[in-house]
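Take a look at the structure set out below.
The structure presented is a predicted model; accordingly, all values stated were derived computationally and were not measured.
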Amino acid sequence: MIRSKAYAAQNKTSGLAPFELYRREPAADDVQIEILYCGVCHSDLHTARGEWPNTLYPSVPGHEIVGRVCAVGSQVRRFKVGDLAGVGCMIDSCGHCHSCAEGEEQYCENGFTGTYNGPVFGGENTYGGYSQTIVVKESFVLQIRHAADDLARVAPLLCAGITTYSPLRHWRVGPGTTVGIVGLGGLGHMGVKIAHALGAQVVLFTTSPGKIADGRRLGADEVCVSTDDAQMAAYANRVDFILDTVAVPHDLDAYLSLLKRDGTLALVGAPAAPHPAGNVFNLILKRRRIAGSLIGGIRETQEMLDFCAEHQIVSDIEVIPIDYINVAYDRMLNSDVKYRFVIDMASLRDA
Ligand SMILES: [Zn+2]
Ligand SMILES: [Zn+2]
C-alpha cells in the first residue's frame, strides 16, 4: 500500500484537516499520479459538509486533479513516468451498460464510481484529490497537452470545463448560433470561454453590473444584466441555446422566454432546493425544452482538454495552500473568487 498525506472532513461540521490515507499499489492497468494541483469545486463543499445525502466520512474531496505520472502498470500504453496527466469526476464505471458502451460513463446505468465519495451504490469509500498521490486505471486517466506552466490553470477543466463543454457540444453551439451563459462563476466563466472558442455569439447573463467588463474580457460578445427587465426583454425569442450555471433556485421563465422556437435551456448548476416550476405556456408555444447535463464521458473529456490546449483555454484561478481550504469554502459561498480556487499540493508536504 502507498501512504499519502491528505486533507479530510471527519463529519459535517469538522471542517477539513490533515489526514493520512492509503492507495493501492498500481495493478497492470493502473497509472499512479503525483498530484501537483487540485481545483476546488462546489461539489467538494457540498460533500464535505454533508449538504447532499450519502457523504461517507472521512471525506477527502477533489476531482479536478492534475499532476505527473510516477508509476505505471505493465499493461499501460498511453502513459509513461513523467507525463502530465489528469483525473476528473469519475474513476470507474460498469463498462457494459448502454451508456458506458456509448462512451457516456457519467450516465452509467449501474452508477459510475466517483473520484471521491464514490460507492453511492456500494463498495469502499473513494478518496479524491486533496492528497499527494492517486492510483487510477488507465482508461479513466486523461492526457494533458497544455504547457506544463499552465498546469494549475488546467485543473478546473476536469470538472468545470467538461461540465460546460459537453452540453455546448451536445446542443451544437457554434458559428451562427447565439448562446446565453447564465452566471459568471467557476462554471460560467468556462462556459463563456468555450462557447466563444466554438465560434458562437455569446451573451453573458449576470445579476451583477460589476461583471460586465470581466465578461467581455473572457469572451462574451454581449453582457445582459438580468435584473434589468428592459435589457432582458431585448433578448426575447432571440437565443438558440442557454446554459444555466446558477446553483441557487431562480425563475426559469425569465430565461425560457428568451429562447427561439425549439430552443433549449440546459441546467448544469445543482441547487439544493428545486427551482420554481416554469410556466408551461413558455414551453408549448415555441416547443422549447428544459434539459440537464452532467459532466461528460471520458472520451469527450479528452476531446475537451485537447480543444482547450489547441485554443489556449485555461481557467482563471487563485492558487491556495491546502491549509486555506476552509476559508476558501466560505469565500466560494460568497462568490468571492475569480473564478476557481486551485490547491497547490506542494503545501501538503509540510501539513
Ligand atoms: Zn466538480
Ligand atoms: Zn455502465
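Two residues are said to be in side-chain contact when any heavy atoms from C-beta on lie closer than 4.5 Å; H63 and L158 fail this criterion. Proximity of K260 to K286: side-chain heavy atoms (C-beta onward) are nowhere separated by under 4.5 Å. The side-chain heavy atoms of P167 and T264, taken from C-beta on, include no pair separated by under 4.5 Å. Between F140 and I298, some side-chain heavy-atom pair lies under the 4.5 Å cut-off. Put simply, the side chain of L348 does not reach to within 4.5 Å of the side chain of I35, judged on heavy atoms. Annotation: side chain of C38 is in contact with side chain of M345 (closest heavy-atom distance under 4.5 Å). Within the 4.5 Å cutoff, no side-chain heavy atoms of N237 are placed close to those of L258. No side-chain heavy atom of F79 sits less than 4.5 Å from a side-chain heavy atom of I33.
The main-chain N or O of N54 is found under 3.5 Å from a side-chain atom of N117 such that the two form a donor-acceptor pair. Of the possible polar contacts, one joining the T115 side chain to the G88 backbone as a donor-acceptor pair under 3.5 Å is found. Under the 3.5 Å distance criterion, the side-chain polar atoms of S99 are matched with a main-chain donor or acceptor of Y107. R68 contributes no side-chain N or O that, together with a main-chain N or O of V81, makes up a donor-acceptor pair within less than 3.5 Å. Side-chain atoms of T55 never come within 3.5 Å of backbone atoms of A48 as a donor-acceptor pair (strictly under, hydrogens ignored). The backbone N or O of A160 sits less than 3.5 Å from a side-chain atom of E64, completing a donor-acceptor pair. The backbone N or O of G114 sits less than 3.5 Å from a side-chain atom of T126, completing a donor-acceptor pair. Proximity of a side-chain donor or acceptor of R216 to a complementary backbone N or O of D221 within less than 3.5 Å is detected. Panel note: side chain D240, backbone T178; a donor-acceptor pair is recorded below 3.5 Å. A donor-acceptor pair is defined here as one N or O able to donate and one able to accept, closer than 3.5 Å; no such pair exists between the side chain of E105 and the backbone of M90.
Residue-environment remark: CZ (R299) stays at or below the threshold of 12 foreign heavy atoms within 6.0 Å. Around CZ of R261, the count of heavy atoms belonging to other residues, nucleotides or ligands within 6.0 Å does not exceed 12. Within 6.0 Å of the CG atom in D229, the count of heavy atoms belonging to other residues, nucleotides or ligands does not exceed 12. Counted within 6.0 Å of CZ on R172, heavy atoms from surrounding residues, nucleotides or ligands total 12 or fewer; the atom is thus considered open. More than 12 heavy atoms of other residues, nucleotides or ligands sit less than 6.0 Å from atom CD of E109.
Two different hydrophobic clusters hold V69 and V135 under the rule that ILVMFWY side chains link at heavy-atom gaps under 4.5 Å. Hydrophobic clustering keeps V182 apart from L243 (ILVMFWY residues linked when any side-chain heavy atoms are closer than 4.5 Å, directly or through intermediates). Note: the hydrophobic cluster containing W171 does not contain I242 (ILVMFWY, side chain heavy atoms under 4.5 Å, direct or indirect links). A chain of hydrophobic side-chain contacts below 4.5 Å, direct or via other Ile, Leu, Val, Met, Phe, Trp or Tyr residues, connects V40 to V327. Hydrophobic clustering of Ile, Leu, Val, Met, Phe, Trp and Tyr side chains at less than 4.5 Å, counting indirect connections, unites V268 with I162.
Using a 4.0 Å cut-off between charged nitrogen and carboxylate oxygen, E138 and R78 count as a salt-bridge pair. A salt bridge does not link K211 with D214: none of the charged nitrogens is closer than 4.0 Å to a carboxylate oxygen.
Nearest heavy atoms, S131 versus R23: OG-NH2, 2.9 Å. Residues V141 and A85 approach most closely at CG1-CB, 3.8 Å, considering heavy atoms. Contact record, R238 with A234: NH1-O, 3.1 Å, taken as the closest heavy-atom pair. Closest non-hydrogen pair, V60 versus A8, comes out as CG2-CB, 3.7 Å. Across all non-hydrogen atoms, the minimal contact from D30 to R24 is OD2-NE, 2.8 Å. Shown here for V246 and G183, the closest heavy-atom pair between the two residues is CG2-CA, 4.0 Å.
Of the N and O atoms on the side chains of D253 and N282, at least one donor lies less than 3.5 Å from an acceptor on the other residue. Between the side chains of E222 and Q201, at least one donor-acceptor pair of N or O atoms lies under 3.5 Å. E300 and Q302 share no side-chain donor-acceptor pair at under 3.5 Å. With hydrogens and angles left out, the side-chain atoms of R331 and Y324 include a donor and acceptor closer than 3.5 Å. Side-chain contact check for D44 and Y116: at least one donor-acceptor pair (N or O, by modelled atom type) lies under 3.5 Å.
Atoms CG and CG, from N326 and L45 in turn, are 9.5 Å apart once rounded to the nearest 0.5 Å. Distance CG/N125 to OG/S59: 7.0 Å, rounded to 0.5 Å. Rounding to the nearest 0.5 angstrom, the gap separating the CD1 atom in I322 from the OH atom in Y7 is 6.5 Å. The structure places CE of M304 at 8.5 Å from OG1 of T163, a figure rounded to the nearest 0.5 Å. Atom CD1 of I194 is separated from atom OG1 of T164 by 3.5 Å, given to the nearest 0.5 angstrom. In this structure, F241 CZ and L259 CG are separated by 9.5 Å, a value rounded to the nearest 0.5 Å.
Checked options I343, V337, V342, D344; the residue passing with I320 is I343 (criterion: side-chain contact (heavy atoms from CB on, under 4.5 Å)). With Y127 as reference, F19 is the one residue of F19, Y57, Y22 to meet the ring pair (Phe, Tyr, Trp, His ring centres under 6.0 Å) rule.
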Stepwise side-chain contact (heavy atoms from CB on, under 4.5 Å) test for E303 and Y165: CA-CA 10 Å; E303 178 188 304; Y165 181 86; 2.6 Å; yes
Check against side-chain contact (heavy atoms from CB on, under 4.5 Å), C308 and H146: CA-CA 8 Å; C308 288; H146 285 78; 3.9 Å; yes
From CA spacing to verdict: salt bridge (charged side-chain N to carboxylate O under 4.0 Å, His left out), D330, R49: CA-CA 12 Å; D330 289 335; R49 295 185 174 178; 3.0 Å; yes
Step-by-step side-chain contact (heavy atoms from CB on, under 4.5 Å) determination, T133 to Q32: CA-CA 7 Å; T133 189; Q32 185 188 351; 2.9 Å; yes
Residues R340, M190; criterion side-chain contact (heavy atoms from CB on, under 4.5 Å); working and verdict: CA-CA 10 Å; R340 203 69 150 175; M190 290 312 309; over 6 Å; no
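Under the side-chain hydrogen bond (donor to acceptor under 3.5 Å, both in side chains) criterion, the residue pairs touching residues 80-98 are K80-D83, D92-K137, with sequence neighbours excluded. Applying the side-chain hydrogen bond (donor to acceptor under 3.5 Å, both in side chains) definition to pairs two or more places apart or across chains, those involving residues 179-196 are H189-S315, K193-D316.
Side-chain rings of F205 and Y235 approach one another, their centers coming within less than 6.0 Å.
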